[in-house]
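Since we're looking at a predicted model, the values are computed, not measured.
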Amino acid sequence: MPELPEVETIKRDLEKTVLGKKIIEVCVHHPAVVREPGVGKFKKDLTGVTVKRILRRAKVLILELSSGKSLVIHLKMTGQLVYPGGGSKSRVSFYLSDGKILDFNDQRLFGELRVLGDWRTLKFIQSLGPEPFDITLAQFKEMISKKRTKIKPLLLDQTFVSGIGNLYAAEALFRAKVGPERPSQSLSGKEKEKLFNAIKDILEKAIRHGGSSVDDYVRVSGKAGDYARFHKVYGRAGKPCFLCKTQVKRIALGGRGTYFCSKCQK
DNA sequence: AATGGGACCTGCGCGC
DNA sequence: TGCGCGCAGGTCCCAT
């Protein structure tokens, strides 16, 4: 589900709602989402601890706890954190010291909850490439030049650059007017620059608007994010391009739906 | 090294 | 109304 802007939005929402609160009790309604340690230890590790700090790495949320351990959450496709919760869709419920509940919902059960002594040791986190905000244009250009893969799947490769998902990859390529199947190293200097700026602008603006609510994503309050109204190509197959009126295309690339305008994006 | 396919799951919307 | 199919924002694993 959520990409960098959505996870950042949830992080900020959590800072306003659950930061500093104590977890009184944890109820695991569906054990599949608890990946580490076992359910029993997971509940024990979380009971009676306070949420001290909330971090985000790419699409991963990290709640640092007073015990020194961390609750690491990957929402994957359909994960949600909702407060105040208590809903019937909850997979895991966190009962907090304010008498309210933080729900972890996840229709498809791809989500992953872990309690770790040190979140930095998680293999997935160690494998992450830099976030777009953490590199310079010169670095981005150099990174891209070394790759021969199609540019769109490359943007989705979290070990290359982290935080971008299917939706924002499509939007950034449209803004940069670059076709999704272009070999990465074929991009001109100007195109790399436009793409880099497009990625950062779009991610920033999406954060300002609380993310894109398509399908399942909601903010911690349960309300929708507001960025979907700015989408130019994502989910618009068959509809006219806002720039040239050509029908937006959808192709499959690396198994993912890929939306683009074949006239505007070369 | 890179790419493609399938897997993990559930539920929605569509066409027939 | 009901059924089957394709689709879904993420990531991993295997085969080629």
Side-chain angles (χ1 to χ4, degrees), chain A residues 1-10 29-36 56-61 72-81 88-92 104-114 122-129 131 143-174 180-186 199 202-203 206-207 209-219 224-228 230-238 249-260:
Chain A
M1 131 191 232
E3 308 180 31
L4 187 154
E6 288 74 31
V7 181
E8 178 64 23
T9 299
I10 290 170
H29 310 289
H30 205 307
V33 297
V34 175
R35 310 297 170 125
E36 284 183 77
R56 178 188 61 73
R57 288 291 178 275
K59 305 171 192 175
V60 184
L61 275 172
V72 179
I73 302 175
H74 199 313
L75 301 166
K76 293 287 182 84
M77 302 275 256
T78 56
Q80 302 174 332
L81 287 166
S88 59
K89 294 188 299 179
S90 176
R91 303 302 195 183
V92 178
F104 174 72
N105 303 331
D106 187 10
Q107 180 190 109
R108 289 171 75 181
L109 300 173
F110 291 164
E112 302 183 348
L113 304 186
R114 292 184 167 77
L122 188 63
K123 208 166 111 191
F124 177 69
I125 288 185
Q126 290 188 342
S127 74
L128 289 173
E131 295 189 11
M143 286 162 60
I144 289 233
S145 307
K146 287 192 272 193
K147 295 289 186 177
R148 302 162 170 275
T149 53
K150 292 171 181 174
I151 184 65
K152 196 246 183 178
L154 183 64
L155 294 179
L156 297 183
D157 179 353
Q158 301 299 298
T159 68
F160 176 75
V161 63
S162 63
I164 302 170
N166 202 37
L167 191 160
Y168 293 106
E171 293 298 313
L173 285 167
F174 176 79
E181 297 193 271
R182 282 278 295 285
S184 305
Q185 61 182 188
S186 79
I199 289 168
I202 287 171
L203 294 180
I207 292 169
H209 287 271
S212 299
S213 283
V214 180
D215 297 338
D216 288 326
Y217 165 73
V218 289
R219 303 180 58 154
D226 185 42
Y227 189 73
F230 299 104
H231 295 175
K232 303 291 190 246
V233 287
Y234 182 79
R236 297 194 63 248
K249 274 192 182 169
R250 180 191 182 280
I251 60 172
L253 220 49
R256 320 296 312 165
T258 298
Y259 301 89
F260 67 106

**Asked** Which whole number of Å gives the distance between the P atom of B:dA1 and that of C:dT11?
**Response** 22 Å

**Asked** If you find the nucleotide of DNA chain B closest to A:K146 and the one closest to A:H30, which residue's nucleotide is nearer the 5' end?
**Response** A:K146

**Check: C:dA8 base within 3.5 Å donor-acceptor of A:R108 side chain** = yes

**Item:** A:R56/A:E131 salt bridge by N-O under 4.0 Å criterion
**Value:** yes

**Request:** Starting from P on C:dG10, measure out to CD on A:Q158 and report it in whole angstrom.
**Result:** 8 Å

**Request:** Find the partner of C:dT1: check Watson-Crick (N1-N3 plus N6-O4 or O6-N4) and G-U wobble (N1-O2, O6-N3) distances, both under 3.5 Å, and reply none if neither fits.
**Result:** none

**Complete:** Only residue of A:L113, A:L109, A:N105 satisfying side-chain contact (heavy atoms from CB on, under 4.5 Å) with A:R91 is A:L109

**Message:** Under 4.0 Å, counting only non-hydrogen atoms across every strand here, what does A:G255 touch: a base, just sugar-phosphate, or nothing?
**Reply:** nothing

**Prompt:** Starting at CG of A:D216 and ending at C1' of B:dG11, how long is that distance when rounded to a whole Å?
**Reply:** 9 Å

**Fill in**
Rounded to whole Å, NZ of A:K76 lies from C1' of B:dC8 at a distance of 8 Å

**Complete:** Regarding the side chain of A:K147, the nearest nucleotide among B:dT10, C:dT11, B:dA2 is B:dA2

**Prompt:** Would you say A:Y168 and A:Y227 make side-chain contact, with heavy atoms under 4.5 Å?
**Reply:** yes

**Item:** Pair of N/O donor and acceptor under 3.5 Å linking C:dG10 base with A:R256 side chain
**Value:** yes

**Request:** Dump the intermediate steps for side-chain hydrogen bond (donor to acceptor under 3.5 Å, both in side chains) on A:T78 and A:D216, then the final yes or no.
**Result:** CA-CA 6 Å; A:T78 56; A:D216 288 326; 4.6 Å; no

**Fill in**
Which of B:dT10, C:dT11, B:dT3 is nearest the side chain of A:K59? It is C:dT11

**Asked** Between C:dG10 atom C1' and A:L253 atom CG, what is the distance in whole Å?
**Response** 16 Å

**A:K232 with A:E171: basic N within carboxylate O range, under 4.0 Å** = no

**Asked** Within the pair A:Y259 and C:dA8, is there a side-chain N or O less than 4.0 Å away from OP1 or OP2?
**Response** yes

**Asked** If each of A:R250 and A:E112 is mapped to the nucleotide of DNA chain C with the nearest heavy atom, which maps nearer the 5' terminus, i.e. the 5' end?
**Response** A:R250

**Item:** Separation of B:dC8 C1' from A:F124 CZ (nearest whole Å)
**Value:** 15 Å

**Item:** Distance in angstrom units between A:L113 CG and C:dG10 P, rounded
**Value:** 18 Å

**Request:** Let me know the distance between CZ of A:F160 and P of C:dG10, rounded to the nearest Å.
**Result:** 17 Å

**Request:** Using a cut-off of strictly less than 4.0 Å, decide whether A:H74 has a side-chain nitrogen or oxygen near OP1 or OP2 of C:dT11.
**Result:** yes

**Request:** For B:dC9 versus C:dG4, give the span between their P atoms, rounded off to a whole number of Å.
**Result:** 22 Å

**Asked** In whole angstroms, how far is the C1' atom of B:dC9 from the CG atom of A:L75?
**Response** 16 Å

